[in-house]
Amino acid sequence: MKAKGVRLHGANDLRLEEFELPEITDDEILVRVISDSICMSTYKCAILGKEHKRVHDDVAEHPAIMGHEFAGDIVKVGKNHQDTFQPGMKFTLQPALNYKGTMWSPGYSYEFFGGDATYCIIPAEVMELGCLLKYDGRAYYEASLAEPMSCSIGAFNAAYHTQMGVYTHQMGIKEGGKLAIMAGAGPMGLGALTYALHRDVRPSMIVVTDLNQERLDRAADLFPPKEAAKDGIELHFVNTGNYDDPVAELLKISGGTGYDDVLCYAPVASVVTQSSAILGRDGCLNFFAGPTDNQFSAPINFYDVHYNSTHVMGTTGGNTDDMIESLKLTAEGRINPAVMVTHIGGLDAVAETTLNLPKIPGGKKLIYTHLSMPLTALADLRAKGEAAGDERLIKLADIVDGNNGLWCPEAEEYLLANFIQE
């Protein structure tokens with residue numbers, strides 16, 4: 001059958017094109033993709049091409065469909081999986097397959113498997129690993145965003161702490177401890193913040209830093225410190241650019257103890273160094289943001305590593321349990337992954353958006369693959385609707401504005417019902 005998708009042919013070479021999908025085998029599943037959110041990792045893949053660890057060497061001959069944060073409907077099921085999956089089911093999936101020690105992943109490594117397409121084929125290894133998940137929720141975007149949320153959930157779960165003389169790690173962030181989310185007012189940082197505030201094991205203090213005051217102000221509007229205080233959490237938003245010595249200010253906020261857990265959300269040497277400098281005793285630093293430079297390095301305090309038991313780690317992606325936790329907490333209304341979303345668009349917006357992602361302000365860019373729509377900021381829906389005389393955009397703006405400026409299931413349903421689909 002025919003499908004349309006954005007495919008990688010080489011470094012900085014993304015193309016929206018129509019192509020033929022082969023018939024599925026008994027071990028495969030055909031799906032209709034509805035939503036995909038664009039990840040900074042996809043930008044890194046797009047600019048590196050086959051130099052990226054997950055991209056196959058013959059990508060020029062067998063282009064890879066982009067996108068790995070996707071959800072949709074099952075269309076056709078190979079006979080080996082018909083006891084578990086049926087046509088019409090909603091799905092999402094865990095893309096970090098780690099299959100037999102490889103780094104294969106949808107959105108990087110497969111010719112017919114990825115989220116920036118109208119239809120794609122899910123290969124056998126996904127079901128073998130239990131990474132195809134039935135989704136019972138209302139909104140497709142919440143399932144798409146479960147993947148980036150799972151990355152932050154994994155970072156919290158992978159944190160560890162020690163006890164002198166005991167050689168067993170205590171896994172997870174420190175309960176009742178102090179947490180810093182550095183460069184954390186972007187989409188992934190806000191995902192980490194909503195999780196930190198509403199998970200079962202919580203810190204007593206959270207400090208979110210950034211250099212962008214507009215992003216910090218939006219974060220404070222979405223997560224008022226007075227509301228966090230009701231749950232016993234002292235929440236601070238700090239623009240480190242306002243201080244000659246940001247480390248001293250952050251240590252002062254901590255009461256001089258430093259932080260038990262620090263998440264670094266920017267691959268910037270100065271931020272890494274600051275993250276190291278604010279660790280308290282036995283503090284765990286997770287370098288979350290993956291750099292594109294394979295020689296990236298930054299100074300950290302090894303005196304503290306030796307004498308204060310500070311430690312550094314990194315995580316990339318979550319696992320299937322993290323995905324399931326994200327979906328569960330979203331369904332329960334405890335977390336709202338929509339805080340990450342600032343733009344929507346159609347499949348025709350993917351290539352340009354992906355290649356220019358660092359230059360586009362705001363948070364997550366949410367794509368609906370069966371729509372033709374330029375990338376549009378949620379805050380611009382009304383103005384664009386009025387300028388074009390498009391009542392649909394104005395109605396969509398009404399829905400978003402009625403939901404504190406956030407994307408929501410009602411907005412998605414209206415979009416899918418009222419905008420031309422291809």
Side-chain angles (χ1 to χ4, degrees), residues 37-41 43-44 69 145-159 173 178-199 202-203 205-225 227-228 233-242 246 250 253 259-268 270-272 274-276 278 284-291 313-318 322 326 329-330 335-343 357-358 360-366 405-407:
S37 53
I38 299 179
C39 179
M40 186 61 74
S41 295
Y43 161 76
K44 297 170 188 174
E69 301 177 356
L145 295 174
E147 195 284 330
M149 279 299 309
S150 78
C151 296
S152 284
I153 290 173
F156 280 71
N157 291 333
I173 67 165
K178 298 172 183 178
L179 168 69
I181 307 176
M182 304 291 284
M188 293 303 292
L190 292 184
L193 178 56
T194 189
Y195 181 62
L197 289 168
H198 302 110
R199 71 196 304 265
R202 304 176 194 178
M205 174 185 285
I206 304 173
V207 176
V208 179
T209 76
D210 210 285
L211 289 173
N212 187 315
Q213 191 60 48
E214 184 177 347
R215 297 207 307 185
L216 286 166
D217 290 343
R218 178 176 182 266
D221 286 340
L222 293 172
F223 302 99
E227 291 299 313
I233 299 175
E234 185 179 332
L235 176 59
H236 299 264
F237 295 97
V238 179
N239 188 330
T240 50
N242 291 340
L250 294 173
I253 293 172
Y259 296 83
D260 300 289
D261 296 279
V262 178
L263 304 176
C264 180
Y265 273 81
V268 177
S270 60
V271 181
V272 174
Q274 290 173 12
S275 298
S276 166
I278 65 171
C284 181
L285 167 57
N286 187 319
F287 179 55
F288 184 90
M313 59 172 301
T315 52
T316 174
D322 298 326
S326 175
L329 293 179
T330 300
I335 63 173
N336 183 6
V339 298
M340 294 189 281
V341 177
T342 58
H343 294 68
L357 197 57
I360 305 173
K364 275 285 185 183
K365 282 65 182 175
L366 179 62
L406 297 178
W407 198 242

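One is the number of the first residue; the rest follow in order along the sequence.
Here the CZ atom belonging to Phe237 is positioned 12.5 Å from the CZ atom belonging to Arg215, to the nearest 0.5 angstrom. A distance of 13.0 Å separates OG1 of Thr209 from NE2 of His236, quoted to the nearest 0.5 Å. Going from atom CZ of Phe223 over to atom NE2 of His198 covers 7.0 Å, rounded to the nearest 0.5 Å. To the nearest 0.5 Å, the span separating CG on Leu216 from CD on Gln213 amounts to 5.0 Å. With values rounded to the nearest 0.5 angstrom, Ser152 atom OG is found 7.5 Å from Met340 atom CE.
Legend: residues meeting ring-ring contact (aromatic ring centres under 6.0 Å, His included) with Tyr43, ordered by chain and number and at least two apart, are absent. Under the rule for a ring-ring contact (aromatic ring centres under 6.0 Å, His included), Tyr259 has no partner lying at least two apart in sequence or in another chain.
For Asp261 against Ala159, the heavy-atom pair with the smallest separation is OD1-CB, 3.8 Å. When all heavy atoms of Lys44 and Pro291 are compared, the closest pair comes out as NZ-N, 4.3 Å. Between Cys39 and Lys364, the closest heavy-atom pair is CA-NZ, 3.5 Å. Here the closest heavy-atom approach between residue Ala155 and residue Leu263 is recorded as CB-CD2, 4.4 Å. Nearest heavy atoms, Ile206 versus Pro203: CG1-CG, 3.6 Å.
Counting non-hydrogen atoms of neighbouring residues, nucleotides and ligands closer than 6.0 angstrom, the CD atom of Glu214 reaches no more than 12 such neighbours.
Screening Val341, Asn336, Thr342 for a side chain to side chain contact (heavy atoms under 4.5 Å, CB included) with Leu406, the sole residue that qualifies is Asn336. Of the residues Glu69, Lys365, His343, the one that meets the side-chain hydrogen bond (donor to acceptor under 3.5 Å, both in side chains) test with Ser37 is Glu69. The side-chain hydrogen bond (donor to acceptor under 3.5 Å, both in side chains) test with Thr315 singles out one residue from Asp322, Asn286, Asn157, and that residue is Asn286.
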Report task. Determine, stepwise, if the pair Asn239 / Leu211 fulfils side-chain contact (heavy atoms from CB on, under 4.5 Å). Result -> CA-CA 5 Å; Asn239 188 330; Leu211 289 173; 4.2 Å; yes
Report task. Show your working on side-chain contact (heavy atoms from CB on, under 4.5 Å) between Tyr265 and Val208 and close with a plain yes or no. Result -> CA-CA 10 Å; Tyr265 273 81; Val208 179; over 6 Å; no
Report task. Give the C-alpha distance, both sets of side-chain angles, the deciding distance and a yes or no for side-chain contact (heavy atoms from CB on, under 4.5 Å) between Ile335 and Ser326. Result -> CA-CA 8 Å; Ile335 63 173; Ser326 175; 4.3 Å; yes
Query raised in the report: Given Ile253 and Met205, is the side-chain contact (heavy atoms from CB on, under 4.5 Å) satisfied, shown in steps?
Result: CA-CA 10 Å; Ile253 293 172; Met205 174 185 285; 4.3 Å; yes
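The shortest side-chain heavy-atom distance between Leu329 and Met149 does not fall under the 4.5 Å cut-off. No side-chain heavy atom of Phe287 sits under 4.5 Å from any side-chain heavy atom of Ser275.
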Cut-off 3.5 Å, no hydrogens considered: what does the side-chain donor-acceptor table look like for residues 180-197, sequence neighbours left out?
{"residue": "Tyr195", "atom": "OH", "partner": "Arg199", "partner atom": "NE", "Å": "3.2"}
{"residue": "Tyr195", "atom": "OH", "partner": "Arg199", "partner atom": "NH2", "Å": "3.3"}
{"residue": "Tyr195", "atom": "OH", "partner": "Glu325", "partner atom": "OE2", "Å": "2.8"}

